[in-house]
Trainee: 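Handing you this structure, nothing more for now.
Just so we're on the same page: letters track the sequence lines, and every chain starts at 1. Remember, it's a predicted structure, so these values are computed and weren't measured experimentally.
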Amino acid sequence: MFEIKYLRQNLSNIKKAIENRNADINLETFIQYDSKRKSILTELEELRYRRNLVSDEIAALKKQKENSDHIIKQMKEVAGKIKELEKSLNKNEEILNKILFNIPNIPHESVPIGKNSEQNKVIKKAGNIPEFDFTPKAHWTIGKDLKIFDFERAAKITGARFPLYFGTGAKIERALINFMLDTHTTKHGYTEVLPPFIVNRNSLISTGQLPKFEEDLFKIEGLDYFLIPTAEVPVTNIHQNEIISEEDLPVKYTAYTPCFRSEAGSYGKDTKGLIRQHQFNKVELVKFVTPEDSYNELESLLCDAETILQELKLPYQVIVLCTGDLGFSAAKTYDIEVWLPSQKTYREISSCSNFESFQAKRGKIRLRRKNKKKLEAPHTLNGSGLAIGRTVAAILENYQQKDGSVIIPEVLRSYLGGIKEIKP
RNA sequence: GGAGAGAUGGCCGAGCUGGCUGAAGGCGCUCGCCUGCUAAGCGAGUGUGUGGUUAAAGCUGCACCGAGGGUUCGAAUCCCUCUCUCUCCGCCA
């Protein structure tokens, strides 16, 4: 979110940025209500000033036991006028906020300008794409043959797009969660967090999922609570409405949570397998940093996520999202995409973003510098490190053997009682 | 679920028979003095947001004492609603 003042002063920049995003925001309305706000406020503050002065007078008169009825009578009118103005100011403020909270973040200057995902840029390829002397199977077939997951039964329990793992399948999920958390806490210096899986409206507004994207969320009936679409929401909101000292930065958290997404508008896409589910597990990385460090911190966040794929020896590529594909709150985003042999393509497995001060401002997270009076907004970042279900899919597909078995990546074996492969 | 207590500045904590309280006191922090270092001591300063003015420091208006509404000329203080925290009882993984 932008402060009104900033928006007023940088209108043309923001306009251009929004155009680059293919977003549609009516800034003319903003200007209109902004100037209205100013005129109401000026009048209101003058009246309040007068009221405060006269109130003191009345107090003084009363103290001297003198009559003040005539002034009080006068002030009654002023009080009425004040109330009126306050009402219209509130209304005006509501409209302004609605506009303000619907304006997306400005892309960083290093973000390529583009219309959609086709203009994203590949910036790195890593790992070896496996070669097969047979036709590699899709992970849902492998999983079914190995009897480690069962989507039909999951649909019976709940509905389409819910996971149900058995035996080694369930264990691999758990092993991956532990492996990732262990790596990030011991090697990368993150503090492990286990947050609530249900959050209130305000938290979702802070991180930017609301007010625009309510249809993507699962809402709890009868309460203004939602299932989290990502750990980013509860974890970023840990410091909502707080002042963080400069010397405490960077703050780095990692959290495992399930994620719940309604996937509205994605019907017919990725209907099979683990790629697009209503519920999936994820290990998330979240950072609070000083503005001057945030782009370096984005690079290291990306590295931290990449490490997991390197250790699992899975081939991947890194892309930088273009302006048209950038998420609402992000100023810059790298996606890591893992190779899926059955689809002969790379699929997103992590998304690492710098939100700059966008979320901090919405969530009133502030930064106190060591020798400065004025408070600033810290920058927030987050990234998946990684999505667990998609990692399982990638392991199954990349490590599959001709006989239908799947080799377990070495780093995971100690988490799985030492087994080296899953056999049919 | 029932009964009660509470929510004040970076933290702790007064005020709550309405006006002199943006808020005592303490801690912390900053600056200065002092002691050869450290600790202690002394003095001054120190909330947030937003507007005006200024080259700047500063001065200054308004708002904010959990959130929202109400009463009043005037509310941290009174009333209502909501949220959260704590204590006791009940129930429970």
Trainee: Over how many whole Å does the gap from A/Gln74 atom CD to B/G74 atom P extend?
Mentor: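 For the pair A/Gln74 CD and B/G74 P, the rounded distance is 14 Å.
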Trainee: At 4.0 Å (heavy atoms only), tell me whether A/Asn52 reaches a base, stays on the sugar-phosphate, or touches nothing.
Mentor: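 Result for A/Asn52 = sugar-phosphate.
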Trainee: How far does the C1' atom of B/G15 sit from the matching atom of B/G6, given to the nearest Å?
Mentor: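 One C1' to the other, the span is 15 Å.
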Trainee: Could you give the CG-to-C1' distance, from A/Asn202 to B/G66, as a whole number of Å?
Mentor: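 Checked: the CG to C1' distance equals 13 Å.
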Trainee: Are more than 12 heavy atoms from other residues, nucleotides or ligands located less than 6.0 Å from atom OH of A/Tyr399?
Mentor: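 Yes - once you tally the heavy atoms of other residues, nucleotides and ligands closer than 6.0 Å, there are more than 12.
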Trainee: Treat primed atoms plus P, OP1 and OP2 as sugar-phosphate and everything else as base, then score nucleotides 45-54 of chain B 5' to 3': B for base contact with protein heavy atoms under 4.0 Å, S for sugar-phosphate contact only, - for none.
Mentor: ---SS-S---
Trainee: Check this for me: A/Glu410, atom CD, are more than 12 non-hydrogen atoms of other residues, nucleotides or ligands nearer than 6.0 Å?
Mentor: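 Atom CD in A/Glu410 is not packed in, count stays at 12 or less.
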Trainee: Given the side-chain rings of A/Phe149 and A/Phe166, with only the six-membered ring counted for Trp, is the space between their centroids under 6.0 Å?
Mentor: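 Judged by ring-centre distance (under 6.0 Å), A/Phe149 and A/Phe166 do not meet the cut-off.
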Trainee: Rounding to an integer number of angstrom, what distance separates B/C91 and B/G18 when you compare their P atoms?
Mentor: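 Per the computed distance, 44 Å lies between those P atoms.
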Trainee: Sticking with atom C1', work out how far B/U85 lies from B/G58, rounded to a whole angstrom.
Mentor: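 Rounded to whole Å, the distance is 42 Å.
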Trainee: Considering every strand shown, what is the Watson-Crick or G-U wobble mate of B/A40 when both distances are under 3.5 Å?
Mentor: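 Looking at the geometry, B/A40 pairs with no nucleotide.
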Trainee: Can you give one letter per nucleotide of nucleotides 67-73 of chain B, 5' to 3': B if a protein heavy atom sits under 4.0 Å from the base, S if only from the sugar-phosphate, - if neither?
Mentor: --S-S-B
Trainee: Among side-chain atoms of A/Ser245 and A/Glu247, is any donor-acceptor pair under 3.5 angstrom?
Mentor: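 The criterion, which ignores hydrogens and geometry beyond distance, is not satisfied for A/Glu247 and A/Ser245.
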Trainee: Looking only at atom P, what distance separates B/U17 and B/C80, rounded to whole Å?
Mentor: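 After rounding to an integer number of Å, I get 15 Å for this pair.
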Trainee: Pairing check on B/A76: which nucleotide meets the Watson-Crick or G-U wobble criteria with it, both distances under 3.5 Å?
Mentor: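 Checking every strand shown, B/A76 finds no partner, since no pair has both distances under 3.5 Å.
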Trainee: With side-chain contact (heavy atoms from CB on, under 4.5 Å) as the test, would you mind laying out the steps for A/Glu337 and A/Ile319 before giving the verdict?
Mentor: CA-CA 8 Å; A/Glu337 299 181 325; A/Ile319 63 175; 3.5 Å; yes
Trainee: Counting only heavy atoms not in A/Glu215, do more than 12 fall under 6.0 Å of its CD?
Mentor: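 Count over threshold, so yes.
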Trainee: Can you check ring pair (Phe, Tyr, Trp, His ring centres under 6.0 Å) on A/Phe151 and A/Phe162, steps first, answer last?
Mentor: CA-CA 7 Å; A/Phe151 296 107; A/Phe162 280 86; over 10 Å; no
Trainee: Taking atom P in both B/C27 and B/G43, what distance in whole Å separates the two?
Mentor: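 It works out to 12 Å between them.
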Trainee: Taking the six-membered ring for Trp and the single ring otherwise, decide whether the centroids of A/Phe358 and A/Phe328 are under 6.0 Å apart.
Mentor: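 Yes: the rings meet the under 6.0 Å criterion.
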Trainee: Can you check the A/Arg201 CZ to B/U83 P distance for me, whole Å?
Mentor: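 In whole Å, B/U83 P lies 16 Å from A/Arg201 CZ.
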Trainee: Roughly, in whole Å, what's the span from CZ in A/Arg48 to C1' in B/A75?
Mentor: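 Atom-to-atom, A/Arg48 to B/A75, this comes out as 14 Å.
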Trainee: Do A/Tyr165 and A/Asp150 have a side chain donor and acceptor closer than 3.5 Å?
Mentor: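 A/Asp150 and A/Tyr165 do not have a side-chain donor-acceptor pair below 3.5 Å.
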Trainee: Can you tell me how far C1' of B/C64 sits from CG of A/Leu89, to the nearest Å?
Mentor: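 Distance check: A/Leu89 CG to B/C64 C1' gives 14 Å.
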Trainee: Roughly how far apart, to the nearest Å, are B/G69 and B/A63 at atom P?
Mentor: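 To the nearest whole Å, 15 Å.
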Trainee: If you measure from the P atom in B/G22 to the same atom in B/A44, how many Å do you get, rounded?
Mentor: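 Taking atom P in both B/G22 and B/A44, they lie 22 Å apart.
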Trainee: Are the aromatic rings of A/Phe218 and A/His278 close, with centres under 6.0 Å apart?
Mentor: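 Close enough - the centres of the two rings lie under 6.0 Å apart.
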Trainee: Starting at CG of A/Asp56 and ending at P of B/C20, how long is that distance when rounded to a whole Å?
Mentor: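 So the two atoms are 7 Å apart, to the nearest Å.
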Trainee: Write down the partner of B/A55 under the Watson-Crick or G-U wobble criteria, each distance required to be under 3.5 Å.
Mentor: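 Per the H-bond distance test, none.
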Trainee: With rounding to whole Å, what would you report as the distance between B/G36 and B/U60 at their C1' atoms?
Mentor: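 Per the computed distance, 48 Å lies between those C1' atoms.
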Trainee: Rounded to whole angstroms, how far apart are CD on A/Glu43 and C1' on B/G61?
Mentor: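 Distance check: A/Glu43 CD to B/G61 C1' gives 15 Å.
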Trainee: Taking a pair as Watson-Crick or G-U wobble with both distances under 3.5 Å, which nucleotide is matched to B/C62?
Mentor: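 WC or wobble partner is B/G49.
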Trainee: For B/G1, give its Watson-Crick or G-U wobble partner with both distances under 3.5 Å, or none.
Mentor: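 In the structure as shown, B/G1 has B/C89 as its Watson-Crick or wobble partner.
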Trainee: Partner lookup for B/A14, please. Criteria are Watson-Crick or G-U wobble with both distances under 3.5 angstrom; report none if nothing qualifies.
Mentor: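 Partner of B/A14: none.
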